[in-house]
Amino acid sequence: MEIKFDEKKKIAFPRFNHYGYAIRYLVEQGLGAQFVQLPPPTKETSELGSRYSPDYACAPFKHTLGSLIEAVEAGADVLVETGGLCRLDYYGALQKEIIRELGYTCEFVNLAEYMGGKKSGWLKLAKHLNPKLNPARLMAGVYEGVKMAEYLDEIEELYFKNAGFEAEKGSYKKVYRQFLLEMQLAENSQEIKDAYQKAKQEMSALELRIPGNPVRIGIVGEYFTVMDEYSNQFLQEKLVGLGASVSRFMNFTNCHLRAKESTLRPKIREYARYSMGPTTTWTVNSALDYAKRGYDGVIHVKSFGCTPETDAVPVLQNISRDYHIPVLYLSYDMQGSDTGLDTRLEAFYDMLERKKKVLR
């Protein structure tokens, strides 16, 4: 009997929060290839990335490089670098050279080379990755994968808004984790929709004990670090544990499907007439919006050496002064301490809570 080997290419992307579940769906259900699902990152992931990265590279570069190295060691045939909104968009070529110098022979795809190109270029890439590609299946997979990303963002937003006030400790996290598991295993659009509706209904049914004037904190900052919980040392989870309601505008849905930089810039003309970088318009707009809506504090997140977000700091200081809203600035590199972060967050939360009592 002839043994048939699976000819599907094994494709891997760098880890990026929970969006790997949507990417996995797109690759497997749309592209018809295998997806290398990596376990949660560890300290070794960061150390791998740092060990082979240039000193000047930002933390997102090191995190993604560590993911790619672990992926190829896990058997990936094709490594995909998605690029970014800033100089990370140029890092794919450098990461490719590093992968080659380490002796890995896998194929490397840099999606930055396709950004802004024609649809035919994307289709050609898809057919290269799977010569037996079904275009209709690909389109459906892309649509359903994007819809999954939207659901992931919506449920995550509900979780961080309310989990700090749950009557039964751990009840919100239990629903949220089950939702993520079902998204990780979903194989069709109905399973995606069912998991989303189930999570939303179960969260709405949970008992909450919201204080009369809860502490509300808005999170702003650099695209990768502000969204990836491992990169920011589980910042939002820590704030929820302190009892805060946490909001973060920066996510895939808001930045790529809803809000355009050109429409946001007029809203912040008083503070910034021109774009200072890829995410600064969103950062300034979000901070100003939180201030106008009466949030108690803002936390600004960036990777160490991120020039655009460094330029945004003076603007945030002006908003803080004009609206009397405290801003905590967090800059992440690969040497961050959980203990140090916990201390700063506790002090910031206590200060906001005391301020509310005084003003009350």
Side-chain angles (χ1 to χ4, degrees), residues 16-17 56-61 82-91 112 115-116 153 157 160-161 215-228 231-232 235-236 239 244-333 344-345 348 351-352 355:
F16 184 26
N17 202 13
Y56 62 79
C58 62
F61 178 93
T82 57
L85 303 176
C86 55
R87 64 181 179 180
L88 190 62
D89 207 32
Y90 302 97
Y91 279 172
M115 298 300 180
D153 286 338
E157 183 179 1
F160 287 117
K161 178 182 178 181
V215 173
R216 296 189 299 162
I217 299 175
I219 310 294
V220 302
E222 174 253 308
Y223 188 85
F224 185 93
T225 307
V226 79
M227 280 195 272
D228 187 66
S231 299
N232 62 45
L235 169 65
Q236 290 180 249
L239 291 171
S245 177
V246 186
S247 177
R248 170 172 51 79
F249 175 83
M250 182 72 78
N251 60 34
F252 173 84
T253 304
N254 289 334
C255 294
H256 297 288
L257 303 179
R258 294 178 183 170
K260 293 183 178 180
E261 185 183 12
S262 58
T263 61
L264 295 178
R265 201 175 300 160
K267 298 180 181 180
I268 61 172
R269 188 180 294 112
E270 179 184 356
Y271 290 96
R273 292 186 181 182
Y274 309 101
S275 173
M276 296 176 290
T279 57
T280 49
T281 299
W282 286 310
T283 293
V284 175
N285 180 79
S286 297
L288 183 59
D289 181 60
Y290 292 137
K292 289 181 176 179
R293 289 164 56 191
Y295 272 62
D296 302 293
V298 170
I299 296 180
H300 179 238
V301 175
K302 69 178 181 66
S303 61
F304 180 77
C306 178
T307 304
E309 290 300 327
T310 299
D311 292 341
V313 170
V315 184
L316 296 180
Q317 291 173 339
N318 290 337
I319 294 175
S320 175
R321 177 200 62 209
D322 294 345
Y323 288 89
H324 307 287
I325 182 170
V327 179
L328 175 64
Y329 301 94
L330 299 178
S331 185
Y332 290 85
D333 57 19
R344 294 187 68 185
L345 293 181
F348 187 65
M351 181 266 290
L352 296 180
K355 181 184 176 185

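Keep in mind it's a predicted model, so treat the numbers as computed, not measured.
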Problem set entry | Test item: R344 side-chain N/O and Y329 main-chain N/O as donor-acceptor pair under 3.5 Å | yes
For this session: Rounded to the nearest 0.5 Å, what's the gap from OG1 on T310 to CD on E222? Could you check?
Result: 10.0 Å
Exercise. For the ring pair H300 and F348, is the centre-to-centre distance below 6.0 Å?
Worked result: no
Seminar exercise, completed: Shortest non-hydrogen pair, P266 vs T263, comes out as CD-O, 3.5 Å
Seminar exercise, completed: The reported gap from CG in L264 to CZ in R258 (rounded to nearest 0.5 angstrom) is 13.0 Å
Exercise. How would you list, by chain and number, every residue that makes a side chain to side chain donor-acceptor pair (under 3.5 Å) with D296, sequence neighbours excluded?
Worked result: K356
For this session: Please name the pair of heavy atoms, one in M227 and one in N17, separated by the smallest distance, quoted to 0.1 Å.
Result: O-ND2, 2.9 Å
Exercise. Under a 4.5 Å cut-off applied to non-hydrogen side-chain atoms, are I217 and L328 in contact?
Worked result: no
Exercise. Under the 3.5 angstrom rule, does the side chain of Y332 hit a backbone N or O of N232 as a donor-acceptor pair?
Worked result: yes
Problem set entry | Rounded distance (nearest 0.5 Å) linking atom CD of E157 with atom CG of N254 | 7.0 Å
Exercise. Is there side-chain contact between P60 and Y223, with heavy atoms separated by less than 4.5 Å?
Worked result: no
Exercise. Is the backbone of F304 close enough, under 3.5 Å, to the side chain of D333 for a donor and an acceptor to pair up by distance?
Worked result: no
Seminar exercise, completed: dist T225:OG1 -> M250:CE (nearest 0.5 Å) comes out at 10.5 Å
Exercise. What's the verdict on side chain to side chain contact (heavy atoms under 4.5 Å, CB included) for L239 and I219, showing C-alpha distance, side-chain angles and the deciding distance?
Worked result: CA-CA 11 Å; L239 291 171; I219 310 294; 3.8 Å; yes
Problem set entry | All side chain to side chain donor-acceptor pair (under 3.5 Å) counterparts of S245, not counting sequence neighbours | none
For this session: Using the side chain to side chain contact (heavy atoms under 4.5 Å, CB included) rule, take L235 and L345 through it: C-alpha gap first, then chi angles, then the decisive distance, then the call.
Result: CA-CA 9 Å; L235 169 65; L345 293 181; 3.6 Å; yes
Seminar exercise, completed: Sorted by chain and number, sequence neighbours left out, side chain to side chain donor-acceptor pair (under 3.5 Å) with D289 holds for R293
Exercise. Which pair of heavy atoms, one from A312 and one from T283, lies closest together, and at what distance?
Worked result: CB-CG2, 4.5 Å
For this session: Could you note down all residue pairs passing salt bridge (charged side-chain N to carboxylate O under 4.0 Å, His left out) where residues 315-326 supplies at least one of them, sequence neighbours left out?
Result: none
For this session: May I ask you to test the V220-Y290 pair for a side-chain heavy-atom distance under 4.5 Å?
Result: yes
Problem set entry | Qualifying residue, where the test is side chain to side chain contact (heavy atoms under 4.5 Å, CB included) with L288 and the options are N318, I268, I325, L316 | I268
For this session: Flag the pair P326 / K355 as yes when at least one side-chain heavy-atom distance between them is below 4.5 Å, and no otherwise.
Result: yes
Exercise. Mind checking what makes side chain to side chain contact (heavy atoms under 4.5 Å, CB included) contact with S320, not counting sequence neighbours?
Worked result: V327
Exercise. Taking it one step at a time, do S303 and F61 satisfy side chain to side chain contact (heavy atoms under 4.5 Å, CB included)?
Worked result: CA-CA 10 Å; S303 61; F61 178 93; over 6 Å; no
Problem set entry | Pairs meeting criterion salt bridge (charged side-chain N to carboxylate O under 4.0 Å, His left out) with involvement of residues 305-319, two or more places apart | none
Problem set entry | Shortest non-hydrogen separation from F249 to S286 and the atoms involved | CB-OG, 3.4 Å
Problem set entry | pair C58-F224: side-chain heavy atoms closer than 4.5 Å | no
Exercise. CG/N285 to NZ/K267 distance, rounded to the nearest 0.5 angstrom?
Worked result: 6.0 Å
